[in-house]
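Here is the structure we will look at.
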2 protein chains.
Amino acid sequence: MKNPEALTIGKLARHGGVNIMTIRYYERRGLLPAPARTASGYRLYADDAVRRLQFIRQAQLLGFSLSEIQDLLSLRMQPGTTCADIRMRAKEKIAAVEKKIEDLERIKNALTALASACRGKGPTADCPILEALETEHST
Amino acid sequence: MKNPEALTIGKLARHGGVNIMTIRYYERRGLLPAPARTASGYRLYADDAVRRLQFIRQAQLLGFSLSEIQDLLSLRMQPGTTCADIRMRAKEKIAAVEKKIEDLERIKNALTALASACRGKGPTADCPILEALETEHST
DNA sequence: ATAAACCCGGTACCTTGGTATAGAGTCAAC
DNA sequence: GTTGACTCTATACCAAGGTACCGGGTTTAT
């Protein structure tokens, strides 16, 4: 290991704040390219692996699944892909997030209605929340 | 099968709009009590099984996990449990849902900012979305 | 020169909420 | 009296995103 910029898997992991196994997992999934190896088989990563890992982590934080990230990464590689293609993925994700928020709002409203119907006194036999759960009711 | 209110598993499944396997799965998980059996081993459900299945389905729609539903069901059984105990579960769930909504709002805002920074023109090399993903950035 | 720390591949395991398959037995109808 | 629909148990499999273990080899530091 004479190359000063080469990282072993452990260093890359610490750098990126992830587990070593996660890195190997990403490689198996095709999210990280297979790196160079030493004569004894140790993985050696160049600096761009750090950026790549960063990319994956950030995209995950923004709600992209690993498959979607794979898609973004391969889009980026393909010549002919434009900024508009990427932006479309972002817009789709925004729409999906908005839908999820709406679903959760509906759930929250239903739960709030139930909780406020319950005086919080008495035995469970009289609990309006439990009663409501036993009967069909469009959320 | 002489009991007019006894349901085979298939009928219960159709009644509740779930798969037969799902019912057996719920039984294994302890969400549905083990029903009576015919001499040949067929499950025979009474009417309350329909209500129980309903309960599970409704609670799921409100965002409760199967474990939480199990908790609700056993609470209901335990003498001494009050309406307030149930209401507390509902309030906790409301808080969890609110937190999830906040997380998603933050994600949505970050994505929206990225998408609006992207003019949607040019090659991916200049895409501000991809650039942003490669650099640390608190969402 | 030897112990500690690191890395290898392969496989199995975890969570959540189910679904599928196989091989066998049972029930109802014609 | 047999065909077809139904049910049984047990086991395996799915997505998603990892995590853990095992038995071994390697590198580094003292």
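Labels below follow one simple rule: chain letters A, B, ... track the order of the sequence lines, proteins then strands, and each chain is numbered from 1.
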At a cut-off of 3.5 Å, list every protein nitrogen or oxygen paired with a nitrogen or oxygen from nucleotides 20-22 of chain D, distance to 0.1 Å.
none

Computed from five pairs at either end and rounded to 10 degrees, the angle between the axes of the helix from C:dA1-D:dT30 to C:dC30-D:dG1 is 20°
B:Arg14: partners by salt bridge (Lys or Arg N to Asp or Glu O under 4.0 Å), with sequence neighbours left out
none
A:Gln60 side chain to A:Ile69 main-chain N or O, any donor-acceptor pair under 3.5 Å?
no
Kindly indicate whether the side chain of A:Lys108, heavy atoms from C-beta on, has any atom under 4.5 Å from the side chain of A:Leu104.
no
Given salt bridge (charged side-chain N to carboxylate O under 4.0 Å, His left out), test A:Arg43 with A:Glu27 step by step and report yes or no.
CA-CA 11 Å; A:Arg43 288 171 180 82; A:Glu27 183 179 328; 2.8 Å; yes
What's the separation between atom CG in A:Leu32 and atom CZ in A:Arg24, rounded to the nearest 0.5 Å?
12.5 Å
Evaluate the criterion side chain to side chain contact (heavy atoms under 4.5 Å, CB included) for residue pair B:Leu44 and B:Ile9; output intermediate values, then yes/no.
CA-CA 7 Å; B:Leu44 282 185; B:Ile9 193 169; over 6 Å; no
Below 4.0 angstrom from OP1 or OP2 of D:dT7, is there any side-chain N or O of B:Arg43?
no
Checking A:Arg89 now: which residues fulfil salt bridge (Lys or Arg N to Asp or Glu O under 4.0 Å) with it, not counting sequence neighbours?
A:Asp71
Detail all sub-3.5 Å separations between protein N/O atoms and N/O atoms belonging to nucleotides 14-16 of chain C.
none

Please confirm whether the shortest side-chain N or O distance from B:Thr22 to OP1 or OP2 of C:dG17 is below 4.0 Å.
no
Mind checking salt bridge (Lys or Arg N to Asp or Glu O under 4.0 Å) for A:Asp103 and listing every partner two or more places apart, or none if nothing turns up?
A:Lys99, A:Arg106
Quick check: does any side chain N or O of A:Thr81 sit under 3.5 Å from a backbone N or O of A:Leu75, one acting as donor and the other as acceptor?
yes
With a distance cut-off below 6.0 Å to the six-membered ring centre and an angular limit of 45° from the axis, does A:Arg76 pair with A:Phe55 as a cation-pi contact?
yes
Distance below 4.0 Å between B:Gln60 side-chain N/O and C:dG18 OP1 or OP2:
yes
Are A:Tyr42 and D:dG25 close enough that a side-chain N or O sits under 4.0 Å from OP1 or OP2?
no
